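So you know, we letter chains A, B, ... as the sequences are listed, proteins then strands, and number each from 1. Predicted, not measured: the structure shown is a model, and the values here were computed from it.
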Amino acid sequence: MVSITLRKNQPFNLDLTLSCGQVFRWEKDGRIWRGVVGDSCISIQQRGRVLSFRGAKPEFISRYFQLDEDLPGILDSIDRDPVIHAAISRCMGLRIIRQPAWECLASYVIATYANIPGIKRRISKLCQCYGEPLPGPGIEIFSFPRAHSIAYQDPCRISECRLGYRAPYLLETATMIAGDPDWEERILELPYEDARKELLHLKGVGKKVADCVLLFAFGKKESFPVDVWIQRILETRYLGTKPPSAYDRCSRFGRDHFGEYAGYAQEYLFCDRAAITKNEMIGNQVPVSQPDR
DNA sequence: CACCAGGATGTTT
DNA sequence: AAACATCATGGT
């Protein structure tokens with residue numbers, strides 16, 4: 001058991017960070033969260049400013065949860081209207097996790113047009129079918145499968161994972177990635193727009209999935225993914241429902257309105273989506289200037 | 001039982 | 001460019 005003591009000016013909320021739907025392989029067991037990152041089975045709990053964990057070194061934990069990022073500074077920079085202000089205060093301590101790139105990519109290809117419990121179940125099954133058993137006590141725990149395992153191993157078992165129409169997308173993208181070992185380094189070095197174009201070549205990767213991968217795996221914090229919830233929030237609280245709001249309009253608005261850390265704003269809005277969309281009070285809309293491009 | 005979900009793709013206007 | 005149908009599955 002190892003511990004990290006968070007600095008006073010470094011807010012962190014483990015529960016929100018692991019439960020808000022950015023990662024899909026963590027389960028809470030009492031006070032303890034258990035999950036797999038890379039080849040490590042990790043258990044971790046938070047008591048106030050103390051993080052206690054097994055299965056990983058402090059540096060690994062710190063990088064995974066991005067504890068070195070200046071969260072107060074980031075939140076201050078995106079705190080530009082009453083809606084995001086309320087979300088920030090309700091979700092204080094939520095951090096964006098630095099995910100392994102392939103796991104993030106594959107997960108969000110699978111995640112399209114499904115709800116979070118269903119996504120978690122499918123990913124769990126995918127790990128059972130194609131992952132490798134990890135050393136540990138008790139029940140068998142599997143790593144997230146490598147791309148070449150999914151691409152070249154028992155394609156019949158894919159049906160067990162109940163991916164539906166996403167299965168061929170995952171198989172094709174896994175094949176592409178398995179044959180392109182340098183893809184992660186290459187994309188990492190590209191700026192947001194260019195990296196996005198690269199990802200969009202992959203099957204099952206559209207704008208939203210690409211933006212999620214850029215935000216959650218490649219550290220592009222200006223990325224502003226727009227799913228149905230974010231679109232709903234923008235329509236009801238920011239942009240109104242005038243034109244059928246296209247993806248590009250919403251995403252560009254997010255980056256223009258919230259700035260270089262728009263991705264954090266997106267994640268706080270998503271985390272607070274239930275509260276934001278509950279009161280359908282008209283007149284609660286944020287007055288914003290919309291540059292029409 | 002309806003309706004929806006961290007959408008992408010291919011086709012038609 | 002924008003609207004549309006379609007896709008498979010499970011949650012609520």
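For the C1' atom pair drawn from B/dG6 and C/dA2, the interatomic distance equals 23 Å after rounding to whole Å. Taking atom P in both C/dT12 and B/dG7, the straight-line distance is 15 Å, to the nearest Å.
Sorted by first then second residue, the salt bridge (Lys or Arg N to Asp or Glu O under 4.0 Å) pairs that include residues 147-170 of chain A, not counting sequence neighbours, are A/Arg157-A/Glu160. Legend: ring-ring contact (aromatic ring centres under 6.0 Å, His included) pairs involving residues 152-181 of chain A, not counting sequence neighbours: none detected. Sequence neighbours left out, the pairs with a member in residues 110-121 of chain A that pass salt bridge (Lys or Arg N to Asp or Glu O under 4.0 Å) are A/Glu27-A/Lys120.
Counting any heavy atom pair closer than 4.0 Å across all strands shown, A/Gly204 reaches sugar-phosphate atoms only and no base atom. Nucleic acid contact for A/Val226: none, since no nucleic acid atom lies under 4.0 Å from a heavy atom of the residue. Nucleic acid contact for A/Val109: none, since no nucleic acid atom lies under 4.0 Å from a heavy atom of the residue. As judged by a 4.0 angstrom heavy-atom cut-off over every strand, A/Arg232 is placed among residues touching the sugar-phosphate backbone only.
A/Asp248 places its CG atom 15 Å from the C1' atom of C/dA3, with the value rounded to the nearest Å.
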Heavy-atom contacts, protein to nucleotides 7-12 of chain C, under 4.0 Å, summarised as B (base), S (sugar-phosphate only) or - (none) per nt, yield BBBBSS
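Side-chain polar atoms of A/Gln231 and A/Glu235 form a donor-acceptor pair below 3.5 angstrom.
With hydrogens and angles ignored, the 3.5 Å screen pairs no side-chain donor or acceptor of A/Asp272 with any backbone N or O of A/Ala275.
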Which donor-acceptor pairs under 3.5 Å do the side chains of residues 56-68 of chain A make with protein atoms, sequence neighbours left out?
from, atom 1, to, atom 2, distance (Å)
A/Tyr64, OH, A/Trp26, NE1, 3.1
A/Gln66, NE2, A/Ile96, O, 3.2

Contacts under 3.5 angstrom, residues 206-218 of chain A side chains, donor-acceptor by atom type, not counting sequence neighbours:
from, atom 1, to, atom 2, distance (Å)
A/Lys207, NZ, A/Asp248, OD2, 3.0
A/Asp211, OD1, A/Tyr192, OH, 2.6
A/Asp211, OD1, A/Arg196, NE, 2.9
A/Asp211, OD1, A/Ser223, OG, 3.4
A/Asp211, OD2, A/Arg196, NH2, 3.3
A/Asp211, OD2, A/Tyr247, OH, 2.6

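For A/Lys221, the side chain to side chain donor-acceptor pair (under 3.5 Å) partners at least two apart in sequence or on another chain are A/Glu69. Under the side chain to side chain donor-acceptor pair (under 3.5 Å) criterion, A/Ser251 pairs with A/Arg255, sequence neighbours left out. Considering only residues two or more places apart in sequence or on other chains, A/Trp33 meets the side chain to side chain donor-acceptor pair (under 3.5 Å) condition with A/Asp15. A/Arg273 pairs by the side chain to side chain donor-acceptor pair (under 3.5 Å) definition with nothing, not counting sequence neighbours.
Using a 4.0 Å cut-off on heavy atoms, none of the residues of residues 260-270 of chain A approach DNA chain C.
Between chain A and DNA chain B, the heavy-atom contact criterion of under 4.0 Å yields a 5' to 3' nucleotide range of B/dA5 to B/dT9.
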